[in-house]
Amino acid sequence: MTETKPAAMWGGRFDEPPADLFKRFNDSLPIDWQMVQHDIAASIAWAQEIQAVGVLTEDECQRITAGLREVAEHAASLPCAPIESGLEDVHTWVEHELVQRLGDLGKKLHTGRSRNDLVSTDFRLWTRECIQLSLAELADLRRSLIDIAAKHSADPMPAYTHLQPAQPVTIGHWALAYEAMLARDSARLADALDRVNECPLGCGALAGTAYDIDRHRLARNLGFARPSSNSLDAASDRDFALETLAVFAACAIHLSRLAEDMIIYNSAEFALVKLSDKVTTGSSLMPQKKNPDALELIRGKCGRISSAHNQLLILLKAQPLAYNKDNQEDKAALFDAANELSMCLRVATLVIDTTTFDLDRCRQRAAAGYANATELADYLVAKGVPFREAHEVAGKAVRAGLAEAKPLEDLAIDSLRAIHPSIDEDVYEVLTIEATLNKRSAFGGTSPDRVHEAVAIAQKRLEAEVREVESHKGLTRQ
Ligand code: ARG
């Protein structure tokens, strides 16, 4: 293997090399190194196609393929991006390594293609893999939430509006609320995957390749559903990354809500849940402290992940057709957001798996705060009192309770009757938490029976989705 001094792949037209400062500014190898295996896969598929149109002989194609496989192995053995090579980007690096191994033959590989269609192909291959990994991570978190729901399908906890105690719900209902959000994120990702899964290779710089390439076969060989249909669009289309980031942003928002709920519930004032030592830290000054750092970081990362979406939106704004160097910035945004979201999903799963609910305290707080006032109103409605009047009466009962410092169910029947004559002894049964929960048995409600059923539905839906994700097993996060 002879070492040749790397020159820019476009150097022929230039008298002078780029200034060092500009070169540092322009080079993208430290970032796009993440796509080195994708670049090589795309190159192997491309070599086959240019052989099919007679640019390479069968023997040349085989040697290029073997050379690229060697480069792939070499790349996998490197601990980090080989920036000392001085090469501009990952495409240049792969080609340079090939030429090092094969001499002039390696220089034939770039026939009929451009870095514009190549980078877009690599980035789509990377994004496809990333979505599949995210789907698997989402599935793990959803499974943990479903497990909580199954375990606590009948255990009450308080639920809030305006962070004021509103009505009791089952813990299972709370857990499945987050599962429902994450199920939508999974569905959005699966939907985005279809549009990610188009192959731009063979679009050339923008006008299409001048060789009679079978782009349908090329797309199939790279596992894409189809080739992209308009070369001018495909050369600079980054909608697939934009959509993926939009889903990541929504998912991060959902995780931040989950984190916030749990931070509040874990606070000494609420004390509904206990976070494990595995996901908390202490204070360097105050020995008694146990801080919910894992959850706070999840809440905080949401800013970073959602700005990546904004970053790409603004990056794409008003770019004239077709490729512009602005687009080199696209990868940093998606790579960073994907990495952060992956950590958030995995840490959230760990938090959920290791958190315990204080069931007595949850029940006690679910019963407090006059959370059964709606029950009293409904009780009166059942006795023929119009809802508006019943609402007023229940409000007065709450005031009576506050005056006596008692919950509604501890008010004597005489005090209740004084507020409305239709109230009878049977009201006490209605005011229990169990009655409150059991009554909410319409589809989507919090009754233990419904939650039990919802667990089964969620499990079934998740397992069907997981079978799809499993078919991509073998992928791992760094
Ligand atoms: N490093 C470039 C990027 O990430 C590759 C494409 C270069 N194309 C070009 N016309 N200069 O976008």
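Keep in mind that what you see is a predicted model, and the values were worked out from it rather than measured.
Nearest heavy atoms, Leu189 versus Ser134: CD1-CB, 3.8 Å. Asn26 and Gln328 get closest at one heavy-atom pair: O-NE2, 2.8 Å. Here the closest non-hydrogen pair linking Arg124 and Val196 is NH1-O, 3.0 Å.
Take Glu260 and apply the side chain to side chain donor-acceptor pair (under 3.5 Å) test, not counting sequence neighbours, and it matches Arg299. Applying the side chain to side chain donor-acceptor pair (under 3.5 Å) rule to Ser153 yields no partners; only residues at least two apart in sequence or on another chain are considered. The side chain to side chain contact (heavy atoms under 4.5 Å, CB included) check on Leu313 picks up Leu242, His309, Asn310, with sequence neighbours excluded. Remark: Ala454 pairs with Leu176 by the side chain to side chain contact (heavy atoms under 4.5 Å, CB included) rule, at least two apart or across chains. Scanning for side chain to side chain contact (heavy atoms under 4.5 Å, CB included) contacts around Glu70 gives Arg101, with sequence neighbours left out. For Ala66, there are no side chain to side chain contact (heavy atoms under 4.5 Å, CB included) partners at least two apart in sequence or on another chain.
Of the residues listed (Val90, Asp89, Ile83), the one engaging Pro30 in a side-chain contact (heavy atoms from CB on, under 4.5 Å) is Ile83, and it is the only one.
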Test Thr436 against Gln167 for side chain to side chain donor-acceptor pair (under 3.5 Å), laying out the working first. CA-CA 9 Å; Thr436 308; Gln167 289 174 331; over 6 Å; no
Begin with the C-alpha distance, continue with both residues' side-chain angles, and end with the deciding distance and a verdict on side chain to side chain donor-acceptor pair (under 3.5 Å) for Asn327 and Gln319. CA-CA 9 Å; Asn327 280 352; Gln319 273 197 48; 2.7 Å; yes
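Of the possible donor and acceptor atoms, none in the side chain of Asp336 sits under 3.5 Å from a partner among the backbone N and O of Ala333. At distances below 3.5 Å, not a single donor-acceptor pair connects side-chain atoms of Ser228 with backbone N or O atoms of Asn230. With hydrogens and angles ignored, the 3.5 Å screen pairs a side-chain donor or acceptor of Asp214 with a backbone N or O of His216. Not one N or O on the side chain of Asp194 forms a donor-acceptor pair closer than 3.5 Å with the backbone of Ala190. With Asp27 contributing its side chain and Leu29 its backbone, the two residues share no donor-acceptor pair below 3.5 Å.
Side-chain contact between Glu463 and Arg143: present, with at least one pair of heavy atoms (C-beta onward) separated by less than 4.5 Å. You'll find the side chain of Asp122 reaches within 4.5 Å of the side chain of His91, heavy atoms only. In this structure the side chain of Ile171 reaches within 4.5 angstrom of the side chain of Leu359, judged on heavy atoms. The side-chain heavy atoms of Leu297 and Val347, taken from C-beta on, include no pair separated by under 4.5 Å. Counting heavy atoms from C-beta outward, Ser256 and Ile298 have side chains that stay 4.5 Å or more apart. In this structure, the side chains of Phe224 and Leu201 stay at 4.5 Å or more apart for every pair of heavy atoms. Cys362 is not listed as a side-chain neighbour of Pro156, based on a closest heavy-atom distance of 4.5 Å or more. Here the side chains of Asp360 and Asp358 are in contact, with some heavy-atom distance below 4.5 Å.
Between the side chains of Arg346 and Ser342, at least one donor N or O sits under 3.5 Å from an acceptor N or O.
When the shell of 6.0 Å around CZ of Arg257 is examined, it contains 12 or fewer heavy atoms from other residues, nucleotides or ligands. Around NZ of Lys289, the count of heavy atoms belonging to other residues, nucleotides or ligands within 6.0 Å does not exceed 12. Lys290 NZ: more than 12 foreign heavy atoms inside a 6.0 Å radius. In Lys317, the NZ atom is not crowded: 12 or fewer heavy atoms of neighbouring residues, nucleotides or ligands sit closer than 6.0 Å. Other residues, nucleotides and ligands contribute at most 12 non-hydrogen atoms within 6.0 Å of the CD atom of Glu329.
For His152 and Phe357, the ring centers sit closer than 6.0 Å to each other.
Atom CZ in Arg217 sits 12.0 Å away from atom CG in Leu222 (nearest 0.5 Å). Taking OG from Ser231 and CZ from Arg215, the interatomic distance works out to 7.5 Å, rounded to the nearest 0.5 Å. Atoms CG and CD1, on Leu193 and Ile131 in that order, are 5.0 Å from each other to the nearest 0.5 Å. To the nearest 0.5 Å, atom OG of residue Ser276 and atom NZ of residue Lys274 are 12.0 Å apart. Once rounded to the nearest 0.5 Å, the distance linking CD1 of Ile31 with NZ of Lys331 reads 9.5 Å. Lys301 NZ to Cys344 SG: the interatomic distance, rounded to the nearest 0.5 Å, is 6.5 Å.
A perpendicular orientation is assigned to the rings of Phe335 and Phe123, their planes being inclined by more than 60° (bins at 30° and 60°).
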